[in-house]
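The structure under discussion appears below in the form of structure tokens.
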Amino acid sequence: MCAASREGTWGWFFSRATETAASPDVSWSYSGIAAFRRRLAETEGFVLSEMWGFGGERPWSDVSTALKPLLHHPDDSADDLSPAECASILVRLEAITDHWAREGGDQLLQQHIEDARQLAGVLRLCIEKDIPLASF
């Protein structure tokens with residue numbers, strides 16, 4: 001299932017897996033999440049397009065990163081990310097975001113920094129409330 005992204009197109013949407021009070025969500029168009037994940041993978045030292053499921057043959061078992069649950073997450077439907085996975089992703093995502101912010105850079109990098117910070121807010125909430133992170 002897809003959800004409307006902030007650009008008004010169909011894409012990826014992460015939400016805390018609960019029906020309770022309004023709280024932060026983060027969403028991307030398919031092209032937006034693809035660019036974001038490519039940059040994360042490059043920062044982690046591998047090329048996403050070389051990975052199985054992204055056009056390549058390289059197995060995910062070859063990659064060691066706390067971001068694997070996010071990077072190897074199917075676009076169309078997938079299991080929720082557990083609070084433990086959220087915690088692991090959050091630590092690495094915040095370190096990467098700090099690194100990107102020190103780099104400065106183009107407008108796309110600035111958008112990725114903003115997106116990473118929004119995702120970090122959702123991850124933090126899932127950890128605090130001990131609820132999974134759902135993707136749609």
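Since this is a predicted model, take the numbers as computed values, not measurements.
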Check whether any side-chain heavy atom of [X] lies under 4.5 Å from a side-chain heavy atom of [Y], and answer yes or no.
X	Y	result
Leu119	Leu70	yes
Leu40	Leu93	yes
Lys129	Leu125	yes
Thr97	Ile113	yes
Pro69	Ile89	yes
Cys126	Cys86	yes

### Query
Do you know the tightest heavy-atom contact between Ala35 and His112?
O-CE1, 3.5 Å
### Query
What are the two closest non-hydrogen atoms of Ala116 and Trp100, and how far apart are they?
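The pair with the smallest heavy-atom distance is CB-CZ3, 4.4 Å.
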### Message
In this structure, would Leu109 and Ile96 fall into the same cluster of hydrophobic residues linked by side-chain contacts under 4.5 Å?
### Response
yes
### Query
Would a hydrophobic clustering, with Ile, Leu, Val, Met, Phe, Trp and Tyr connected at side-chain separations under 4.5 Å, put Leu67 with Trp60?
yes
### Query
So among Leu123, Asp130, Ile131, which one has a side chain to side chain contact (heavy atoms under 4.5 Å, CB included) with Pro83?
Asp130
Distance, nearest 0.5 Å, that separates [atom1] of [X] from [atom2] of [Y]:
X	Y	atom1	atom2	answer
Glu50	Asp62	CD	CG	10.5 Å
Leu71	Thr65	CG	OG1	6.0 Å
Ser49	Arg37	OG	CZ	12.5 Å

### Task
For the residue pair Gln111 and Asp115, confirm or rule out a side-chain donor-acceptor distance under 3.5 Å.
yes
Could you tabulate the donor-acceptor pairs under 3.5 Å formed by side-chain atoms of residues 52-59, not counting sequence neighbours?
none

### Task
Would you mind listing every salt bridge (Lys or Arg N to Asp or Glu O under 4.0 Å) that reaches into residues 89-99, with sequence neighbours excluded?
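Residue pairs passing salt bridge (Lys or Arg N to Asp or Glu O under 4.0 Å), neighbours aside: Glu44-Arg92, Glu94-Arg124.
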### Task
Inspect the surroundings of CD in Gln107 and state if more than 12 heavy atoms from other residues, nucleotides or ligands are less than 6.0 Å away.
no
